[in-house]
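These notes are about the structure you will find just below.
A note on names: the letters A, B, ... follow the listed sequences, proteins ahead of strands, and every chain is numbered from 1. Only a predicted model underlies this, so the values are computations on that prediction, with no experimental measurement involved.
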Amino acid sequence: MRQLPIGSWPVWRQLTGADRTGRAASVKSRRSDALSARTASADRVVKSICPYCAVGCAQNVYVRDERVVQIEGDPDSPISRGRLCPKGAASLQLTTDSGRLDKVRYRPPYGTQWQDLDLATAMEMIADRVIRTRRETWQWEEEDGGLLARTMGIASLGGATLDNEENYLIKKLFTALGVVQVENQARVCHSSTVIGLGTSFGRGGATTFMQDMQHADCIIIEGSNFAEAHPVGFQWVLAAKARGATVIHVDPRFTRTSALADLFVPIRAGTDVAFLGGIINHVLTEGKDFREYVLAYTNAATIIDERFQDTEDLDGLFSGFDPQSHQYAEETWQYEGVQLVSASGERDNQYMARQAAQIDRPGSPGRDAGEHGSGEGEKHGSGTAALDGQARRDPTLQDPRCVYQILRRHFSRYTPEMVERICGIPPEVFAEVCRHLVDNSGPERTSEFVYAVGWTQHTDGSQFIRSASILQLLLGNIGRPGGGIQALRGHASIQGSTDIPTLFNLLPGYIPMPHAHKAQTLDDFILADAARKGFWANMRAYLVSLLKAWWGPAARADNDFCFNYLPRITGSHSHYDTTLEQLGGTCKGYFLLGQNPAVGSANSRMQRFGMANLDWLVVRDLNMIESATWWKDGPEIESGELVTERIGTEVFVLPAAAHTEKAGSFTNTNRLLQWHHQAVEPTDDRRSDLWFMYHLGRIIRQKLAGSTDPMDRPILDLTWDYPTTGSIAEPVAEAVLAEINGWNSDGRPLSTYTELADDGSTVCGCWIYCGVYSDGVNQAARRKPAEEQSWVSPEWAWAWPANRRMLYNRASARPDGRPWSERKKFVWWDEEVGRWTGYDVPDFEPTKRPDYEPPDGARGVAALRGTDAFIMQADGLGWLYTPTGVADGPLPTHYEPQDSPMDNLLYRQQRNPARLLRPHEHNRYHPNGSQRGAQIFPYVVTTYRLTEHFTAGGMSRHTPYLAELQPEFFCEVSPELAAERGLVHADWATIVTARNAIEARVLVTERVAPLHVDGRIIHQIGLPFHWGPNGHSRGDAANELTSISLDPNSHIQESKALSADIRPGRRPRGPDRVALVRDYQRRAGITERTGTEA
Amino acid sequence: MASKAAVLHLVGLGRSYQEIGAALGIPPGQAYLVGTGIPADGGGTVSRAQRTRPGMLPSRTQCLVNPREAPPPPAGPVHEWMRTRARRDQLTRPGR
């Protein structure tokens, strides 16, 4: 060993030099002395936003010599306060990793290898295929003559990881091309949130914002591993805890969230409605509701139609159920004396009946739903139901048909004992949860619920969220500081891709896509859909401004502003239905825009079979994901079920730009639009999706120029003239944002959606985003440091609607406008100045007095009373009971998951009767509970996210930092289950369902403790869902096991609770894997009918 | 080596950290760290008590350590494009 002179020893320098405490010069070696931080030597710093989850952490991107050299958290952010989680910190490699795709790759039909293809040629070829497929599959009319004006031959999937501006161009271009099958990850992750929150409160987004969590006195985190899945946001839970809040975590697994909670409540996966229903029952039977709030701000006093029958009457069914179609008719659920039509997305579907019944006449009859089959379930309620008539109310809450009494009766059997039998939660633990929640609700205290996909991804996921909504309304916790419901979304702009929807059934701002009808005019559509009261009454202005934004001078009053350019939907065209359309040969071309269904969608095997039946596939991603390579190395190639040389799918893989290489806005989990600037230009063939969509549209329009075919008018008339910049002609994202915001006839940007007109004098691409470019300033790019403003931070970025951070905040004041308490003061009426004031933008007309009563016959906004805190609702009230808009019932009801080892102990009705199933040879279901064969799948699987990985792995398994941190797929099992099945820690296990078999490393841990459920021991298995066969970190995909079984409202899949078997050892290879699954199916007696009972 | 006392003395004289750094031969961010004990890049959690320390700046301390912040692109071309679009889109004006 080389001898170092003592003078070079750090300790010698410390003891003999000036730096005796060893905090400066003495700890430097010669080498470290010569180093400098990458941040210090950078040329510039560019402000950005993390592209992973939807907390929306602010980033500083350091650039030197036109290369990104470092990414750090931006301490100015009021949300993240400078922090980044492992993924955010590793986001540097999304730009710099040498393994990123850089060149176009092409696989010709039946080809066995990738080929080179230059980008320009690829764009031309893709444009040709779009035009050809569109021509070959165009549909003008339904058989009964209803207008379609669409193609079912093309579909698109992706958008939640993209910018709002990119989503906007995707929706705009594809809609003009007549493509209706436009979907994104929001369908898979949080579509049920929109139903649950939207029907309850009037908007489908989280009711509150991250920083406000610090004011909660109690936080219940359920259906979320907050600390690990959204680590930076979790600081606000800890801030609340530091201020004395009680934190409760309810989850099948003990996680880091549990470790930091005051109380951990293990629960059987998929039974949350029983648990929450138990708390509702407790609140109602003990009289613990916040009565003044409930009376003023909810529909508790509203009387329901005498024909309504509850699950108490029909053993688990509500009135109106048709066992043949598995659908409900809603007439009997409605308010007495009122004609209600469903929330957005459904209302238009019923327009013919509304017209026929002349629903403006109070008391006129409703109509059975049902002419569009599976589309009946699409009731994405961000907005409200249309309401005609005046509901009768009983403020004493004694009428047996008032909502309050119906609730009491409905939930009466959700006793603590039943909660224990169903959920496995001991009564004393349950009582403790009730006590904390009730004690921390009321005028002086508030509690908050936090959830994520542990609630959404069920066949009754919307009702999970409805349950929490009912509870929070009863306890008076909505619209108040420290209260609310926090929906934790998992993708940077998954909220944005719902607001500017790359979703089949919505237009921007939750305006429904029109259904196919004969000779429907714009006025017909508005009549059928627009509410009579509240801000949805202005829907015509929102829609006409959108049509002007898309079709400019072609959109005129005399042609209904090109309303008939919009393609029509005829039922469900959701992501999973597209899979079936691919298998059936209807869908021939598929765009994957930053989404990886071969891993990330339920029944990923079925996804691959679907793609193998396409004519062409376009994949745009950062890395070579499984959805691009299944044709050469997918599991079905290994099993021999697919043969590369016989697969005719032509595949284009186009490398995408990273978030640092493009400008645009993400909408975070709290409706906050945050702008990220471009730090560097993308190199090689890497391009943004803004670039791709814009230039694809440009090329298609060039190719179609001069066409006289009527089907081409919408694409040729489309406004598609965005300015471009830079060497690659990147569209200016800010111009797209400006169109989203809208302008008036002078070209002046609009400031708020109340400026929108229905006469064609305003343009607005998404009415709820109107204001984001007010004064011609990109409000989403505002980054005033948190220290320089209040804790609400209104000058950090911009939130929809109207820069409000907390929705329904009128309810933070008493009906008379005074704060409920000094401690919970937020927005209140200032009598002296005659305005609502406070810490946030009031979610109310600013000068409408609290004692305002609308005159007879008032409509629209003027019809809202001074106490109508839920301004998007047709009656201005929070809905404890949903008379319309939720396909599987006006109240949440516990049903067992589609695949469950348990019987439903509450009702004879085992599963959600209205759930959507897609029986198929690749999508078989399990027998349940005491049914013969159910014992073959005795365990409960739940899936989850890890801190170090992201969704289907395309942005993490290929990232060296993250792959090293979390290198291998594993399953979590309890020591008891390990002993029962002979599983060995760190060895292999095979997990089997009727869909597929996968293998995983065994992690034996007490974190997933067995539960005592109705005299049985139920073992649960935890599976992270990020893995697939590509990337640095490889493994089987958990979604091989899941089925396509869907919530009827949102079409979200049930991937958080399913039955399965587990056995020691690796899974069989090749055809033996298929044989194993077949053997399980045979042993369980599974047929095409298994599990499909109503 | 720059001492805390030296930094705070210069702060007391009304000097900026850029000036203090130049005077003491160290980067301004380092001068801030020496003077306050708080990293200027926002890398530390600052308690309420720490905020009252002598020499503390209320915000934007990251400017002391970061290179220049890239300015956003000018909005003028977007404004012009909007006006052009408004003309081309033939937006009807109320009352016309």
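- For Ala86(B) against Ser745(A), the heavy-atom pair with the smallest separation is CB-O, 3.8 Å.
- Put simply, the side chain of Arg85(B) reaches to within 4.5 Å of the side chain of Thr719(A), judged on heavy atoms.
- Glu788(A) has its side chain out of reach of Pro58(B): every pair of non-hydrogen atoms, C-beta onward, lies at least 4.5 Å apart.
- Neither the backbone nor the side chain of Ala781(A) comes within contact range of chain B; no heavy atoms are under 4.5 Å apart.
- Proximity to chain A is limited to the side chain of Arg51(B), based on heavy atoms less than 4.5 angstrom apart.
- Both the backbone and the side chain of Asp721(A) come within contact range of chain B, with heavy atoms under 4.5 Å apart.
- When each of Ala757(A), Ala786(A), Pro723(A) is scored by its heavy-atom pairs under 4.5 Å with chain B, the top score falls to Pro723(A).
- Heavy atoms of Tyr773(A) lying under 4.5 Å from chain B belong exclusively to its side chain.
- The closest side-chain heavy-atom distance from Trp81(B) to Glu739(A) is below 4.5 Å.
- Asn60(A) places a side-chain heavy atom less than 4.5 Å from the side chain of Gln62(B).
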Would Arg748(A) and Met82(B) count as a side chain to side chain contact (heavy atoms under 4.5 Å, CB included) here? Give the steps.
CA-CA 8 Å; Arg748(A) 186 182 61 79; Met82(B) 278 193 295; over 6 Å; no

Report the C-alpha distance between Asp41(B) and Thr39(A) in whole Å, list the side-chain angles of each, state the deciding distance to 0.1 Å, and finish with yes or no for side chain to side chain contact (heavy atoms under 4.5 Å, CB included).
CA-CA 10 Å; Asp41(B) 66 357; Thr39(A) 54; over 6 Å; no

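- Residue with the most contacts toward chain B among Gly73(A), Ala557(A), Gly82(A), Gly747(A): Gly747(A) (heavy-atom pairs, distance under 4.5 Å).
- Residues Arg83(A) and Thr45(B) are in side-chain contact: their nearest non-hydrogen atoms beyond the backbone lie under 4.5 Å apart.
- A pairwise comparison of heavy atoms in Gly776(A) and Ala75(B) identifies O-CB, 4.3 Å as the closest pair.
- For the atom pair CG (Asp89(B)) and CH2 (Trp743(A)), the distance works out to 6.5 Å, reported to the nearest 0.5 Å.
- Side-chain contact between Gln90(B) and Arg556(A) is absent, with no heavy atoms from C-beta onward closer than 4.5 Å.
- Surrounding CZ of Arg67(A) are at most 12 heavy atoms belonging to other residues, nucleotides or ligands under 6.0 Å away.
- Of the two parts of Asp43(A), only the backbone, made up of N, CA, C and O, holds a non-hydrogen atom closer than 4.5 Å to a non-hydrogen atom of chain B.
- Side-chain atoms of Thr762(A) and Leu91(B), non-hydrogen and from C-beta on, never get closer than 4.5 Å to each other.
- Between Asn66(B) and Glu72(A), every side-chain heavy-atom pair lies at or beyond the 4.5 Å cut-off.
- Distance check: Arg44(A) CZ to Glu69(B) CD gives 12.0 Å after rounding to the nearest 0.5 Å.
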